[in-house]
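Following: one structure in structure tokens, then a few remarks.
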Protein chains: 2
Amino acid sequence: MRDPEKTRQQILDTAFWQVFQKGFNNVSINDILSQTTVTKGAFFYYFPTKNDLGYAIVDEVLTELTLKRWIHPLNAYKNPLQGILHHLKKIIENTPDKNLQWGCPLNNLIQEMSSVDPIFREKLNAVLDLWITQIENHLKKAQTEGHMKKTAHPRQVAEFIVMAHEGAFGMAKSFQNPKILWSLYHSLRDYIHTLSI
Amino acid sequence: MRDPEKTRQQILDTAFWQVFQKGFNNVSINDILSQTTVTKGAFFYYFPTKNDLGYAIVDEVLTELTLKRWIHPLNAYKNPLQGILHHLKKIIENTPDKNLQWGCPLNNLIQEMSSVDPIFREKLNAVLDLWITQIENHLKKAQTEGHMKKTAHPRQVAEFIVMAHEGAFGMAKSFQNPKILWSLYHSLRDYIHTLSI
């Protein structure tokens, strides 16, 4: 007998990758089913509509990915400012060239769905806000522990780091060249150095 | 008798606004025709396919818009670094709140079309490269005339300014709040000050 939790997760994971690579509107339920062992009946049991699947991708996959990819690794660093830079470097080094064309899964869905579906927008905002707020908290810690200047604004700096990251991955999608990600790294390094103590 | 140049331009301008607000795939030729006085026959005379119209939007409308909105105004400033900041401030002040939901027309098309159509990608890259190269040229001038540190890399700084701008307008599309654009301004101001002499 099937494990219902596993079936649901299999649909979510498969759908996430297809939506990441082709966009939400360009992926059909049949496209997703053809890459799983799940029946249409089972699919609709877990996700009554394609939008319900899209919302679950944002709520579950994107939220978890943001925490795993960007936030949890920062806990390993004593100095959060250095942590952000070291970790960004690792992310760039570990991004295969062929993935550049797909951009950032969060940014893709924001650009595609935010202005046409208010529920998508609200859920995407929650992920974006989580990412910014978690970085902000690390920056506040950097201030408390004497690594960052008291005159810097943690929220504003966190927003700037996330926007530059999203802009760089969005441009890399078009240029398909990691050079643009290294420009992000070098300029953010210069910027973050000005905030450091 | 119709003026052929005006007819073509009327199609282009109408299509640009519809694509900006709804995305390329969400706009049909009929949507565009319904907002013009142009017949379907005339439309196909100027643009044999919808993609041809899309390519002309990039080559003509987006190229001109980039030069008019971002590059030509910089000529009015003696110090290009101050010029970039003053001009960014003006752009933010002049962006109506209701426009935030539409994002940046260049970024929208890159995210939607770059990975699915190589001709779109090539043309969008040309506009992005023009924007970056023109800012790079202003920064080189800033170095030659003693306004910017010789240790700074004009290309890298130009790429960073454009990526942060695109990231901010992409996020504003979701947050629908000008606050994020002011974060862009304040952080870029701090960053640019570190490059200034």
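Note that the structure is a prediction, hence the values are computed from the model and not measured. Here is how names work: the chains are called A, B, and so on, in the same order as the sequence lines, proteins then strands, and each is numbered from 1.
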Exercise for the section: Kindly indicate whether the side chain of B/Arg121, heavy atoms from C-beta on, has any atom under 4.5 Å from the side chain of A/Gln176. Expected result: yes
Practice task
Report the distance from atom CD of A/Glu112 to atom CG of B/Asn108, rounding to the nearest 0.5 Å.
Solution key: 11.5 Å
Exercise for the section: Heavy-atom pairs under 4.5 Å with chain B are the metric here; pick the option from A/Leu128, A/Val162, A/Leu124, A/Val157 that has the most. Expected result: A/Leu128
Completion exercise
Taking every heavy atom of A/Tyr191 against every heavy atom of B/Asp190, the minimum-distance pair comes out as CE1-CB, 4.3 Å
Practice task
Return yes when atom NZ of B/Lys150 has more than 12 non-hydrogen atoms of other residues, nucleotides or ligands closer than 6.0 Å, and no otherwise.
Solution key: yes
Handout entry: A/Glu122 atom CD, over 12 foreign heavy atoms within 6.0 Å
Key = no
Fill in the blank from the handout: If one checks every heavy atom of A/Leu195 against chain B at 4.5 Å, the contacting part turns out to be neither
Problem - CG on A/Asn107 to NZ on B/Lys173, rounded to 0.5 Å - result: 9.0 Å
Exercise for the section: Verify the cluster assignment for A/Leu109 and A/Ile119: are they in a single hydrophobic cluster under the rule of side-chain heavy atoms below 4.5 Å apart? Expected result: yes
Practice task
Go through the atoms of A/Asn125 and report whether side chain, backbone, both or neither lie under 4.5 Å from a heavy atom of chain B.
Solution key: both
Fill in the blank from the handout: Highest number of heavy-atom pairs under 4.5 Å with chain B among A/Ala164, A/Ser115, A/Ser187, A/Ala152 belongs to A/Ser187
Problem - Exercise: identify the closest heavy-atom pair between B/Ile110 and A/Gly170 - result: CG2-O, 3.7 Å
Practice task
May I ask whether A/Phe47 and A/Tyr45 are part of the same hydrophobic cluster, defined by side-chain heavy atoms of I, L, V, M, F, W, Y residues being less than 4.5 angstrom apart, directly or through others?
Solution key: yes
Problem - Heavy atoms of other groups near B/Glu60 CD, more than 12 under 6.0 Å - result: yes
Handout entry: Contact class of A/Gln111 relative to chain B, heavy atoms under 4.5 angstrom
Key = both
Exercise for the section: State plainly whether one hydrophobic cluster holds both A/Leu81 and A/Tyr77, where clusters connect Ile, Leu, Val, Met, Phe, Trp and Tyr through side-chain heavy atoms under 4.5 angstrom apart. Expected result: no
Exercise for the section: Sort A/Thr194 into side chain, backbone, both or neither according to what part of it lies under 4.5 angstrom from a heavy atom of chain B. Expected result: side chain
Problem - Partner chain B: residue of A/Trp182, A/Phe160, A/Phe120, A/Phe169 with the largest heavy-atom pair count (under 4.5 Å) - result: A/Phe160
Problem - 4.5 Å side-chain heavy-atom contact, A/Ser114 and B/Gln101 - result: no
Completion exercise
Among B/Leu184, B/Val116, B/Asn26, the residue with the most heavy-atom pairs under 4.5 Å to chain A is B/Leu184
Handout entry: Nearest-0.5 Å distance, NE2 of residue A/His165 to CE of residue B/Met163
Key = 11.0 Å
Fill in the blank from the handout: Looking only at B/His193, B/Met113, B/Met171, the option with the highest number of non-hydrogen pairs under 4.5 Å against chain A is B/Met171
Problem - Approximate separation, where rounding is to 0.5 Å, of A/Lys179 NZ and B/Glu159 CD - result: 3.5 Å
Problem - For the student: nearest non-hydrogen atoms of A/Asp129 and B/Phe175, plus distance - result: N-CZ, 4.3 Å
Exercise for the section: Count the heavy atoms belonging to other residues, nucleotides or ligands that lie under 6.0 Å from NZ of A/Lys89, then report whether that count exceeds 12. Expected result: no
Problem - CD1 on B/Ile132 to OG on A/Ser183, rounded to 0.5 Å - result: 8.0 Å
Practice task
Step through the shown structure and confirm whether more than 12 heavy atoms of other residues, nucleotides or ligands are within 6.0 Å of CZ on B/Phe44.
Solution key: yes
